[in-house]
Chemist: 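One structure is given below, represented as structure tokens, and several questions about it will come after.
Just so you know, ligand 1 is whichever comes first in the structure, and atom 1 is the first atom listed for that ligand.
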Amino acid sequence: MGFSEINGNTRVCGLFGYPVEHSFSPAMHNEAFCHLGLNWVYLPFAVSIDKLKEAVTSICSLNLVGVNVTVPHKQRVLQFVDELEPAARIIGAVNTIVNHNGKLIGYNTDGQGFVQSLASEANFYPRGKKAIIIGAGGAARAVAVQLALSGLQSLYITNRNQEKAEELAWHINKSAATAISTIPWESNLLEQSVAASDLVVQATSLGMSPHVDQVPVFPFHVLTSQHLVYDLIYNPGQTSFLKKAATQGSRTMNGLGMLLYQGVLAFQLWTGVKAPVEVMRYRLLQQFDPK
Ligand code: NDP
């Protein structure tokens with residue numbers, strides 16, 4: 001349906017963030033609603049930090065089905081929802097809220113989106129596998145927790161700010177059986193951790209457009225065709241990190257799949273309907289051109 005068909009029965013969901021102008025989510029979700037003929041609409045809401053509480057309260061007052069939550073609200077919003085699903089609680093961040101008859105449930109589909117993209121696009125399942133993650137910011141946290149909850153055997157974490165890596169390790173240790181070790185930033189120990197890993201996740205912002213030449217210090221020579229190397233960055237589509245990994249024969253993936261599947265999972269939580277994944281992927285790709 002088009003906007004001229006919005007009527008009294010239209011279900012409304014959206015995005016709370018600040019800013020929201022550059023988000024790809026409205027186009028992705030509205031395309032999916034349109035494709036399935038659902039009388040739904042997804043709207044961007046620019047919510048400043050001091051208005052977050054009021055905005056969350058308005059989900060019930062306005063009878064919104066739910067919202068996505070993005071920067072800078074993902075952590076702060078935790079205190080305003082009624083219930084948290086386990087991954088959101090352990091990650092300490094919410095990116096999706098569902099309005100269940102006036103009760104607001106906070107989910108985090110970022111990490112689940114990452115794991116889903118591994119399964120759907122690389123036939124890679126974390127159970128029993130070993131991984132190393134470079135970075136310990138918000139995205140790394142969601143990915144690391146979800147890998148651990150998905151049965152990863154062991155995880156190495158390295159981050160410029162070592163304290164953040166230690167804190168993340170401690171957090172995961174409380175909730176999952178995965179063996180966690182932290183590796184000092186740029187240390188020689190990286191070589192053996194990478195050699196022992198099946199999956200390498202680049203989760204820092206180094207290499208993100210426009211700073212496309214930035215790359216974390218990393219022992220690329222240790223990579224082989226047995227490694228799957230995933231950069232969470234989706235712009236550019238192929239970072240310098242992925243290019244270097246590819247020259248070693250490793251399989252590589254960019255962050256588009258994580259972006260897509262976090263949306264797919266949110267869509268399914270709100271509508272209860274199977275999301276049209278390829279329609280959503282196509283709409284995302286139309287919005288930028290991964291090289
Ligand atoms: P955060 O700001 O929370 O974390 C940034 C991370 O990058 C930290 O680990 C930080 O280290 C590290 N970092 C930044 N600058 C440097 C530097 N100069 N040298 C070394 N390390 C550095 O950001 P997010 O976790 O939200 O995002 C990280 C990346 O993931 C971004 O590129 C983002 O685009 C991508 N992303 C992708 C998503 C997807 O759906 N594909 C979703 C969300 C994010 P330190 O702690 O030491 O500062």
Side-chain angles (χ1 to χ4, degrees), residues 15 17-20 22-25 28-29 68-77 87-88 91-96 107-118 120-122 132-147 155-169 171 182-187 190 200-218 229-242 252-267 277 280-281 284-285 287-288 290:
L15 172 69
Y18 202 83
V20 286
H22 303 296
S23 172
F24 296 142
S25 294
M28 175 171 70
H29 285 287
N68 279 141
V69 181
T70 188
V71 179
H73 302 312
K74 284 187 182 182
Q75 285 88 27
R76 206 164 154 262
V77 78
I91 294 164
V94 162
N95 81 326
T96 303
Y107 293 83
N108 191 309
T109 67
D110 284 329
Q112 287 161 24
F114 171 83
V115 168
Q116 182 68 54
S117 78
L118 283 178
S120 303
E121 295 170 354
I132 177 164
I133 187 159
I134 307 149
R141 208 177 163 89
V143 165
V145 167
Q146 198 59 49
L147 282 171
L155 176 65
Y156 304 99
I157 306 172
T158 186
N159 191 52
R160 178 179 59 176
N161 176 338
Q162 172 85 8
E163 264 179 40
K164 269 167 70 178
E166 304 283 359
E167 198 267 342
L168 176 56
H171 225 71
T182 60
I183 310 287
W185 185 243
E186 297 182 0
S187 119
L190 270 179
V200 174
V201 184
Q202 198 306 103
T204 75
S205 41
L206 290 171
M208 196 163 73
S209 181
H211 306 293
V212 296
D213 294 329
Q214 291 183 338
V215 182
V217 171
F218 185 81
V229 179
Y230 198 126
D231 197 324
L232 300 193
I233 294 172
Y234 47 82
N235 186 17
Q238 206 189 5
T239 56
S240 300
F241 192 90
L242 288 188
T252 61
M253 293 175 74
N254 68 23
L256 185 85
M258 176 174 171
L259 181 67
L260 169 66
Y261 282 101
Q262 64 74 31
V264 163
L265 294 168
F267 183 99
V277 178
M280 294 169 81
R281 187 197 306 277
L284 266 186
L285 283 167
Q287 292 180 86
F288 64 98

Chemist: Look at atom 14 (C) of ligand 1 and say which protein heavy atom is nearest, naming residue and atom and giving the distance to 0.1 Å.
Modeler: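 Result: Ser205 OG, 3.3 Å.
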
Chemist: Starting from atom 4 (O) of ligand 1, what is the nearest protein heavy atom, named by residue and atom, and what distance separates them?
Modeler: Gly137 CA, 3.4 Å

Chemist: Among Gln75, Lys164, Gln214, Glu186, whose heavy atom sits nearest atom 46 (O) of ligand 1?
Modeler: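 Checking each option, the heavy atom nearest atom 46 (O) of ligand 1 is found in Lys164.
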
Chemist: Heavy atom to atom 29 (C) of ligand 1, shortest distance: which of Asn235, Leu232, Thr204 holds it?
Modeler: Thr204

Chemist: Please examine the side chains of Tyr107 and Leu265, heavy atoms only from C-beta on, and report whether any two atoms are closer than 4.5 Å.
Modeler: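 No; the side chains remain at least 4.5 Å from each other.
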
Chemist: Are any of the protein's heavy atoms under 4.0 angstrom from atom 2 (O) of ligand 1, yes or no?
Modeler: no

Chemist: Using modelled atom types only, decide if a donor and an acceptor are shared between the side chain of Asn159 and the backbone of Ala136 within a distance under 3.5 Å.
Modeler: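 Such a contact is found between Asn159 side chain and Ala136 backbone.
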
Chemist: Less than 4.5 Å apart, any side-chain heavy atom of Leu260 and any of Gln116?
Modeler: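 No. Closest side-chain heavy atoms not under 4.5 Å.
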
Chemist: Select one of side chain, backbone, both or neither to describe which atoms of Leu259 lie under 4.0 Å from any atom of ligand 1, heavy atoms only.
Modeler: both

Chemist: Judged by atom type as modelled, is there a donor-acceptor pair below 3.5 Å linking the side chain of Asn235 to the main-chain atoms of Ser209?
Modeler: no

Chemist: Using a heavy-atom cut-off of under 4.0 Å, does the side chain or the backbone of Arg160 touch ligand 1, or both, or neither?
Modeler: both

Chemist: May I ask you to decide if Leu259's main-chain N or O and Gln262's side chain share a donor-acceptor pair within less than 3.5 Å?
Modeler: yes

Chemist: Heavy atoms, side chains only, cut-off 4.5 Å: are Leu256 and Leu285 in contact?
Modeler: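 When only atoms from C-beta onward are counted, Leu285 and Leu256 do touch, with a gap below 4.5 Å.
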
Chemist: Please indicate whether any nitrogen or oxygen in Ala139 is less than 3.5 Å from any nitrogen or oxygen in ligand 1.
Modeler: yes

Chemist: Side chains of Arg141 and Gln75: closer than 4.5 Å at any heavy-atom pair?
Modeler: no

Chemist: Any donor-acceptor pair under 3.5 Å linking the side chain of Asn68 with the backbone of Asn95?
Modeler: yes

Chemist: Indicate yes or no: does an N/O atom of Tyr234 lie under 3.5 Å from an N/O atom of ligand 1?
Modeler: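 So ligand 1 has no N or O lying under 3.5 Å from an N or O of Tyr234.
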
Chemist: Between Val71 and ligand 1, which part of the residue brings a heavy atom under 4.0 Å of the ligand: side chain, backbone, both or neither?
Modeler: neither

Chemist: Would you call Ile233 a ligand 1 contact, heavy-atom distance under 4.0 Å?
Modeler: yes

Chemist: Parallel, tilted or perpendicular: which describes the rings of Phe114 and Tyr230, with under 30° parallel and over 60° perpendicular?
Modeler: tilted

Chemist: Backbone, side chain, both or neither: what part of Pro216 comes under 4.0 angstrom of ligand 1, heavy atoms only?
Modeler: neither

Chemist: So for ligand 1, is Ala136 a polar contact partner (N or O within less than 3.5 Å, distance only)?
Modeler: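 Yes, Ala136 has an N/O under 3.5 Å of an N/O on ligand 1.
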
Chemist: Has Phe114 got any heavy atom lying under 4.0 angstrom from an atom of ligand 1?
Modeler: no

Chemist: Report yes if Gly255 has an N/O atom closer than 3.5 Å to an N/O atom of ligand 1; otherwise report no.
Modeler: yes

Chemist: Looking at ligand 1, does Gln262 have a heavy atom less than 4.0 Å from it?
Modeler: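 No, Gln262 has no heavy atoms under 4.0 Å from ligand 1.
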
Chemist: Among Thr252, Asn254, Thr204, Thr239, exactly one meets side chain to side chain donor-acceptor pair (under 3.5 Å) together with Asp231. Which residue is that?
Modeler: Thr239

Chemist: What residue and heavy atom of the protein are closest to atom 31 (C) of ligand 1, and at what distance?
Modeler: Met208 SD, 3.7 Å

Chemist: Under 3.5 Å, is there a donor-acceptor pair between the side chain of Thr109 and the main chain of Tyr261?
Modeler: no

Chemist: Any protein heavy atom at under 4.0 Å, with atom 23 (O) of ligand 1 as the reference point?
Modeler: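 Given the 4.0 Å limit, the answer for atom 23 (O) of ligand 1 is no, no protein heavy atom qualifies.
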
